[in-house]
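Worth saying up front: this structure is predicted, and the values here are computed from it rather than measured. Note that ligands are numbered from 1 as they come in the structure, with each ligand's atoms numbered from 1 the same way.
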Amino acid sequence: MEKLTLIRPDDWHLHLRDGEYMRAVLPDTARRFGRAIVMPNLRPPVTTTELALAYRERILAALPQNARFEPLMTLYLTNNTTPDEIALAKESGQVHGVKLYPAGATTNSDSGVTDLLGKCSAALAEMEKQDLPLLVHGEVTDPEVDVFDREKVFIDRVLAPLAQRFPGLRVALEHITTRDGVEFVKAASKRVAGTLTAHHLLMNRNAMFAGGIRPHHYCLPVLKREEHRRALVAAATSGDPKFFLGTDSAPHAKSAKEAVCGCAGMYTAHAGIELYAEVFEQAGALDKLEAFASFYGPDFYGLPRNGDSVTLLKESWDVPTEIKFGSDVLVPLRAGEKIGWRLVD
Ligand SMILES: NC(=O)N[C@@H](CC(=O)O)C(=O)O
Ligand SMILES: [Zn+2]
Ligand SMILES: [Zn+2]
């Protein structure tokens, strides 16, 4: 049987939520990944180092015994984030990035930024000075802009001017979904990188409408056309160190997804590395998976690569139709279907 052994991967974009929900999903990530950049869009958001350190303690306390998983914390940038808070974050050694959510762009982003280059310039200057990366949800929230164009317009209106004004700032464009995003990252300086999710690599926007409306294939940024998906796969499998793994696994209760106004996010942590193995296999690039999943992320964040490894077998397994999610259930990606690679414990 075909077998794949990789240095243990890390997830550079993950939603763990909190409390019983966090306890339900954390083991899926901890089983596969050595570390994860933990998103701060809790309610209320993680806006200070103090809140981030307390959240980190709750995650550590919820880890399965013997797990050697390390949560890498982030701060939620607001119009009021001070340079002092940025300095504190860096000094803590536990905060590895500051997350920009344009206000209203996505799940739990109501406290987000309304005018990045205006209101956040002092915080951004401090991040540049401290070399603390800015992690970006790259979509404009202007309701006049077509939903499918919001990433491209964000690059033109916000990201390009930001990179000009703060050339020393390390920036990760999270969950890139378009050719435009790929091209921006490639053309930018070495300090600009991007993460790619498994679901945007595997599916185009038709997946939202296969035989009817599919709420479990709705996320933000929304799935795009096939030509964009192909550009993402080309970037992921190119061996370019600017592109690395970030699942954006975003658990929501089944009832919140299957609703009149269903919320955005796909749960993929149950197969967080296996789904990428499918992508790289389909592209004939399994030899490029390890660097994408395990090398380029820590290199960008200035952290050591993991020392141990994981093994995948080319053996299909059945994804459950539901997974317990605290007092609720969630529907994982590929629910009731098969995944072609299996993680060996
Ligand atoms: N990706 C999503 O569709 N949802 C994420 C938020 C985000 O990453 O934008 C969530 O927190 O649910
Ligand atoms: Zn996002
Ligand atoms: Zn996310």
Side-chain angles (χ1 to χ4, degrees), residues 11-19 21-22 24-26 29 33 36-46 55 71-77 96-113 116 133-141 147-148 150-151 154-155 158-159 171-178 181 194-203 205 207-208 214-224 232 244-259 261-269 272 275 297 325-326 328 330-333:
D11 184 352
W12 301 96
H13 181 139
L14 175 68
H15 299 273
L16 280 177
R17 314 304 187 202
D18 209 348
Y21 301 108
M22 181 254 287
V25 297
L26 178 62
T29 291
F33 295 104
I37 284 278
V38 179
M39 289 295 134
N41 62 332
L42 303 182
R43 248 182 297 225
V46 181
Y55 184 26
L72 307 173
M73 309 314 292
T74 58
L75 290 194
Y76 186 115
L77 184 68
H96 296 269
V98 178
K99 181 71 193 244
L100 164 64
Y101 289 103
T106 186
T107 306
N108 301 346
S109 63
D110 312 339
S111 327
V113 167
L116 180 71
L134 179 71
L135 318 180
V136 179
H137 179 106
E139 288 191 291
V140 288
T141 54
V147 169
F148 292 93
R150 287 181 186 175
E151 182 170 289
F154 181 88
I155 291 167
V158 184
L159 214 46
V171 178
L173 178 57
E174 304 286 4
H175 46 43
I176 301 175
T177 63
T178 59
T195 59
L196 293 163
T197 77
H199 47 282
H200 290 103
L201 291 167
L202 285 165
M203 295 184 288
R205 64 191 194 175
M208 282 187 295
R214 301 280 186 155
H216 299 292
H217 291 164
Y218 174 61
C219 65
L220 286 171
V222 71
L223 295 172
K224 303 297 193 301
L232 306 182
F244 49 85
L245 185 157
T247 64
D248 192 22
S249 178
H252 290 279
K254 181 181 180 184
S255 57
K257 297 274 306 165
E258 298 178 8
C261 187
C263 58
M266 296 190 209
Y267 185 70
T268 56
L275 290 165
F325 187 45
D328 247 303
L330 64 77
V331 177
L333 191 68

Proximal atoms of ligand 1 relative to C219 (non-hydrogen, under 4.0 Å): 3 (O)
Got a donor-acceptor contact below 3.5 angstrom from the K257 side chain to the H216 backbone? no
P221 and T177 have their tightest heavy-atom pair at CB-CG2, 3.6 Å
Among all protein heavy atoms in this structure, tell me which lies nearest to atom 1 (N) of ligand 1, with the distance rounded to 0.1 Å. D248 OD2, 2.7 Å
Please work out whether any backbone atom (N, CA, C, O) or any side-chain heavy atom from C-beta onward of R17 is under 4.0 Å from ligand 1, and answer side chain, backbone, both or neither. side chain
For atom 4 (N) of ligand 1, what is the nearest protein heavy atom, given as residue, atom name and distance? A264 O, 3.2 Å
Are T178 and K224 close enough that a side-chain donor and a side-chain acceptor fall under 3.5 Å? no
As an exercise, state the distance from NE2 of H15 to CG of N108, rounded to the nearest 0.5 Å. 9.5 Å
Is it the side chain, the backbone, both or neither of H252 that has a heavy atom closer than 4.0 Å to ligand 1? side chain
Value for CD1 (I176) from CD (E151), rounded to nearest 0.5 Å, stands at 7.0 Å
Check ligand 1 against N41 and write out every atom of the ligand that is under 4.0 Å from a heavy-atom position of the residue. 6 (C), 10 (C), 11 (O)
Any M39 heavy atom less than 4.0 Å from ligand 1: no
Is the backbone N or O of H252 less than 3.5 Å from a side-chain atom of Y267, with the two atoms forming a donor-acceptor pair by type? no
Is the side chain of N41 donor-acceptor paired with the backbone N or O of T107 at a distance under 3.5 Å, no angle test? yes
Test your reading of the model: is there a side-chain donor-acceptor pair from S249 to the backbone of L14, 3.5 Å cut-off? no
Could you walk me through whether H137 and H175 pass ring pair (Phe, Tyr, Trp, His ring centres under 6.0 Å), step by step? CA-CA 8 Å; H137 179 106; H175 46 43; 4.6 Å; yes
Between M266, H15, H137, which one has a non-hydrogen atom sitting closest to atom 8 (O) of ligand 1? H15
Would you check whether G265 has a nitrogen or oxygen atom less than 3.5 angstrom from a nitrogen or oxygen atom of ligand 1? yes
Sort by chain and number the protein N/O/S atoms found under 2.8 Å from the Zn ion (ligand 2). H137 ND1, H175 NE2
Closest protein heavy atom (residue, atom, distance) for atom 9 (O) of ligand 1: T106 OG1, 2.7 Å
To the nearest 0.5 Å, what is the distance between CG (L135) and CD (E174)? 5.0 Å
Per-atom contacts of ligand 1 with H175, taking only distances under 4.0 Å to non-hydrogen atoms: 8 (O), 9 (O)
Any non-hydrogen atom of E139 lying under 4.0 Å from ligand 1? no
Any nitrogen or oxygen of L220 lying under 3.5 Å from a nitrogen or oxygen in ligand 1? Just yes or no. yes
Can you measure from CZ (R150) to OG1 (T141) and round to the nearest 0.5 angstrom? 7.5 Å
